Structures are given as structure tokens and as C-alpha cells.
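Down below is the structure, laid out as C-alpha cells.
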Amino acid sequence: MDRSSLFQLIQEQLDPENTGFIAVENFTSLVEHHELQLDPSKLDMLLALVQSNEEGQVCYQELIELMSSKRSSSFRRAIANGRRTLQREILLDETGLGLYKRFVRYVAYEILPCETDRRWYFHQNRLCPPPVFIAIVTIVQIIVFMCYGIMLNKWVLQTYQPDFMKSPLVYHPGHRAQVWRFFSYMFMHVGLEQLGFNALLQLMIGVPLEMVHGILRISLLYMAGVLAGSLTVSITDMRAPVVGGSGGVYALCSAHLANVVMNWAGMRCPYKLLRMILALVCMSSEVGRAVWLRFSPPLPSSGPQPSFMAHLSGAVVGISMGLLILRSYEESLQKQCSWWVIVFSFITFLLFAIFWNIFAYDLLGVQIPPPP
């Protein structure tokens, strides 16, 4: 029996009046005798969903979402509050796993705070689509850095070279009308130290996040951090240029760290306190280095050095938008009121920044350094 036939059988025989609910006794009998092949964890969750219901009914829509490899917040609550616990061994006790499955299990324990979620992700994980967004961004950043490093014969403090600042990728306040620069600056970096720091963090944190939460959500979070970074600089540090992918990186890192803190008891990643402290020290050091380069440049320069405000705005995006995304594993964001509040706030900020860039520079008489 295929999946569509099973759905038709359930609707016609167990819910002929289209009430949207199925009697527990009939549904239990169907689950125990059906011919559809299911993952063991999905069958356990179906039975848990049945036995957790106190009204003697199962919601038809919940069943469809689960059988279609989707989950809703109400299904999660049914499992969490149900009287039945899932009986299969936890993932750490499973043996005979191949290299890829062991890596998937490692990612599950690094990212997800709930054992039910970890098991769901482990059994539902597929190689398609692969987590390519963070990998592609990192590769492009490395290629761009290598090209400018060879051209300038300089691998640190590249922003002190006039030819570097002439790049069409750098955000410069004198080129605000070139809209792509509000995004493309993420491919340029001050030097090897900034590129290495950003690439390491976004690969170590971004790739596991993309594997669990998907390319759409993680790319949205990353690009929102990048855009918020350049727009914040254009408002708060109006004379400064921006380079580096720190806005996106800090959005990912702050979202993940905040998620770990808020689910501290459930997270099973090893040495989480030590790693949390190390991550905060490294991120703070990078911000401190950016502040030092902005206000106390070690070499003479023809204009202001890149701003550090992109780091801070990326962190704000991560703590707000990113935390909600990470806490909504396998749940619809569109059905959550808090998601629309965050989207409305971001759009409001975006509109304000657009008007600011159009009118504020002239009204305030800001002396912008001549663009290279």
C-alpha cells in the first residue's frame, strides 16, 4: 500500500464524515496492521501520538504532517506531554554506524537540545539537498582574498592599499547608490587573520546548522546579518567603509550560542561550558581588533578604516531572528506570531535605513571621504 492509498483509506474508512479526527482504537489497529513501510522512529512517534491523546481522538492533519515527514508544534507538544515515552535506545547507544551516520549523529547532538528531535533528524536526514550555501560562500571568500593578495602582494591589512578599496565589492559610503555593495562586501577581508577567523567559525557552526535547519533558513539568517551590518554602519558610522563577512558570521554564532544557553540542560555537546567561554573570548577579541583598527590604525591611511558595527548588528540579528529559527526545528515559522513581529521589525529597520541613506547624509552635512 502506498502513502496516498493509506491516506485515502484513513479518510474514507476511519473518518467518513470528514470531522478531522479519528478514534484512537481504530487508528491503533490501522497502525499495527498497515502495509506501509515506516522508519522505526516514525512508527514509535505515531504510537506515542495516539496514546498521548486524552480525548480518544487523533487529529487527521497531524497524521498527514507526520507521514509527509513534517512536524508541527502541536505534534511536538503531544509527544512532550504524552504518557508514553519512546522506547528505542538513544542515539549514543546505537552501534554499527558508518562514518557519515556517525557525523550526522554528532551534528544532532551539537545542534538539537531534545532527544526526540535528535532521533527525528537522524532518521530523516538525507544527503539531498547538501549543505552547500556556507561552503560556497567560504570558497568564494577565499578565492577573492587570494586574488587580491596576489595582485597587491599583501596578505594583512589590505585595506591600506588604495587598489583594494577601489574594488567594486567593498562597501564605501561614497558608493551607496551601488546597492550590491551592501551585500558584496562580505567577500572582502582586511587580511588573512580576519578571513581565517570568519571561515573557521562559519564552517564549524554554519555547516551543522545548515544540515539541521536547511539551506533556506540558514542562508536567510546569514544574509540578514550581512545586510543589517552594512545598513547599521551607514547609520551609525557614516564615514566608514565595510569589509568582511562578520555580520553573517556573528548572526550564526550568536544564534547558536543563545540557543545553547536557553537549552543548557538539554544540550549534550561535550565540554559545552569550555567551548562557550572560548567562543565568546574569540568573538570579543575579533570585535576588539576591529575597534582598534577603526580608531587607532597602525599605518597611515587616506581615509577611515572599516567599521566594527557590522559585528554587533550581526549579533543582534542572530539573537532575535536566528534564535527563533533555531528553536523552530521542523516547525512552520509562518504560523508563529513572534516570527512576523521580527520580520516586521527588520522591514521597518530596512525602510528607515533606506530613507536615512537617501536624505540624512545631505541633511546632516556629513563629510564623506572621496571614494577611491
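Just so it is clear, the structure is predicted and the values come from calculations on it, not from any experiment.
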Practice problem: Over all heavy atoms of both residues, which pair between Ile205 and Pro208 is shortest? Give the atoms and the distance, please. | Solution: O-CD, 3.4 Å

Practice problem: Grab the two heavy atoms, one from Leu252 and one from Gly206, that are nearest each other, plus how far apart they are. | Solution: CD1-CA, 3.9 Å

Practice problem: List for me each residue that meets ring pair (Phe, Tyr, Trp, His ring centres under 6.0 Å) alongside Tyr106, sequence neighbours excluded, and say none if there are none. | Solution: none

Quiz item: Does anything in residues 217-257 pair up under ring-ring contact (aromatic ring centres under 6.0 Å, His included), and if so which pairs, sequence neighbours excluded?
Solution: Phe133-Tyr222, Tyr250-His311

Output a table of donor-acceptor pairs, distance under 3.5 Å, between side-chain atoms of residues 274-283 and any protein atom two or more places apart or on a different chain; print 'none' if there are none.
| from | atom 1 | to | atom 2 | distance (Å) |
| --- | --- | --- | --- | --- |
| Arg275 | NH1 | Glu110 | OE2 | 3.0 |
| Arg275 | NH1 | Pro270 | O | 3.0 |
| Arg275 | NH2 | Glu110 | OE1 | 2.4 |
| Arg275 | NH2 | Glu110 | OE2 | 3.3 |

Self-check item: Met151, CE atom: more than 12 neighbouring heavy atoms under 6.0 Å
Solution: yes

Self-check item: Gap between atom CD of Gln336 and atom CD1 of Ile342 - 0.5 Å precision
Solution: 9.0 Å

Acceptor/donor pairs from residues 177-200 side chains to any protein atom, 3.5 angstrom cut, sequence neighbours excluded:
| from | atom 1 | to | atom 2 | distance (Å) |
| --- | --- | --- | --- | --- |
| Gln178 | OE1 | Arg181 | NE | 2.4 |
| Gln178 | OE1 | Arg181 | NH2 | 3.0 |
| Trp180 | NE1 | Pro168 | O | 2.8 |
| Arg181 | NH1 | Ser167 | O | 3.2 |
| Arg181 | NH1 | Val170 | O | 2.5 |
| Ser184 | OG | Leu169 | O | 2.9 |
| Ser184 | OG | Trp180 | O | 3.1 |
| Tyr185 | OH | Val226 | O | 2.5 |
| His189 | NE2 | Asn198 | ND2 | 3.3 |
| His189 | NE2 | Gly245 | N | 3.4 |
| Glu193 | OE2 | Arg289 | NH1 | 3.3 |
| Gln194 | OE1 | Val190 | N | 2.7 |
| Asn198 | ND2 | Ser246 | OG | 3.4 |

Quiz prompt | Thr159: partners by side-chain hydrogen bond (donor to acceptor under 3.5 Å, both in side chains), with sequence neighbours left out | solution = Gln305

Exercise. For Met309 and Thr236, work out which heavy atoms get closest and say how close.
Key: CG-OG1, 3.4 Å

Quiz item: What heavy-atom pair brings Tyr171 and Ala240 nearest, and what distance separates the two atoms?
Solution: CE2-O, 3.8 Å

Self-check item: Hydrophobic cluster partners of Met262 (side-chain heavy atoms under 4.5 Å)
Solution: Leu323

Quiz item: Within the distance-only criterion (no hydrogens, no angle test), does the side chain of Arg102 pair as donor or acceptor with the backbone N or O of Leu97 below 3.5 angstrom?
Solution: yes

What side-chain donor-acceptor pairs closer than 3.5 Å can you find for residues 364-372, not counting sequence neighbours?
none

Exercise. Can you see which heavy atom on Phe122 is nearest to which on Val104, and at what distance?
Key: CD1-CG1, 4.0 Å

Self-check item: Reported OG-to-CD distance for the pair Ser219 and Glu210, which is rounded to 0.5 angstrom
Solution: 7.5 Å

Quiz item: Quick one: are Phe145 and Ile150 in side-chain contact, heavy atoms under 4.5 Å?
Solution: no

Quiz item: Could you give the distance from NE2 (His172) to NZ (Lys166), rounded to the nearest 0.5 Å?
Solution: 12.0 Å

Exercise. To the nearest 0.5 angstrom, please state how far the CD1 atom of Ile215 sits from the CD1 atom of Ile136.
Key: 7.0 Å

Exercise. Indicate yes or no: at least one non-hydrogen side-chain atom of Tyr160 is less than 4.5 angstrom from one of Met165.
Key: no

Quiz item: Looking at Ile218, Ile325, Val107, Asn259, which hits side chain to side chain contact (heavy atoms under 4.5 Å, CB included) with Leu209?
Solution: Ile218

Exercise. Return the orientation label for the Phe352 and Trp356 ring planes: parallel under 30°, perpendicular over 60°, tilted otherwise.
Key: tilted

Quiz item: Distance from Arg239 atom CZ to Ser307 atom OG, nearest 0.5 Å?
Solution: 12.0 Å

Self-check item: Same cluster (ILVMFWY, side-chain, under 4.5 Å), Ile319 and Val260
Solution: no

Quiz item: Same cluster or not: are Phe164 and Met146 linked, directly or through other Ile, Leu, Val, Met, Phe, Trp or Tyr residues, by side-chain heavy atoms under 4.5 angstrom apart?
Solution: no

Practice problem: Just do the side-chain contact (heavy atoms from CB on, under 4.5 Å) check on Trp339 and Met321 with the steps written out, would you? | Solution: CA-CA 8 Å; Trp339 169 252; Met321 178 186 295; 3.8 Å; yes

Self-check item: Members besides Val341 in its Ile/Leu/Val/Met/Phe/Trp/Tyr cluster (side-chain heavy atoms under 4.5 Å)
Solution: none

Quiz item: Is there a path of hydrophobic side-chain contacts, each under 4.5 Å between heavy atoms of I, L, V, M, F, W or Y residues, that connects Val144 with Ile139?
Solution: no

Quiz item: Mind checking what makes salt bridge (charged side-chain N to carboxylate O under 4.0 Å, His left out) contact with Lys272, not counting sequence neighbours?
Solution: none

Quiz item: Hey, are the side chains of Trp340 and Gln334 touching, using non-hydrogen atoms and a 4.5 Å cut-off?
Solution: yes

Quiz item: Taking side chain as C-beta onward, heavy atoms only, is Leu293 less than 4.5 Å from Leu157?
Solution: yes

Quiz item: With hydrophobic residues grouped by side-chain heavy-atom distances under 4.5 Å, do Leu203 and Leu257 end up in a single group?
Solution: yes

Self-check item: Residue list, side chain to side chain contact (heavy atoms under 4.5 Å, CB included) with Phe344, at least two apart or on another chain
Solution: Thr348

Quiz item: With a cut-off of 6.0 Å (strictly less than), are more than 12 heavy atoms of other residues, nucleotides or ligands near CZ of Phe295?
Solution: yes

Practice problem: Please name all residues satisfying salt bridge (charged side-chain N to carboxylate O under 4.0 Å, His left out) with Arg294, sequence neighbours left out, ordered by chain then number. | Solution: Asp237

Quiz item: Are the side chains of Ile143 and Cys147 in touch, meaning some heavy atoms are under 4.5 Å apart?
Solution: yes

Quiz item: Any side-chain heavy atom of Phe103 sitting closer than 4.5 Å to one from Met211?
Solution: yes

Quiz prompt | Common cluster, Ile142/Val137, ILVMFWY with side-chain heavy-atom separation under 4.5 Å | solution = no

Quiz prompt | Closest heavy-atom pair and its distance - Asn263, Pro113 | solution = CB-CB, 3.4 Å

Practice problem: Please tell me if the side chains of Leu227 and Phe349 come closer than 4.5 Å, counting only heavy atoms from C-beta onward. | Solution: no

Self-check item: Partner set under side-chain hydrogen bond (donor to acceptor under 3.5 Å, both in side chains) for Ser234, not counting sequence neighbours
Solution: Asn357

Practice problem: Report the C-alpha distance between Tyr361 and Arg176 in whole Å, list the side-chain angles of each, state the deciding distance to 0.1 Å, and finish with yes or no for side-chain contact (heavy atoms from CB on, under 4.5 Å). | Solution: CA-CA 11 Å; Tyr361 280 77; Arg176 299 189 313 281; 3.7 Å; yes

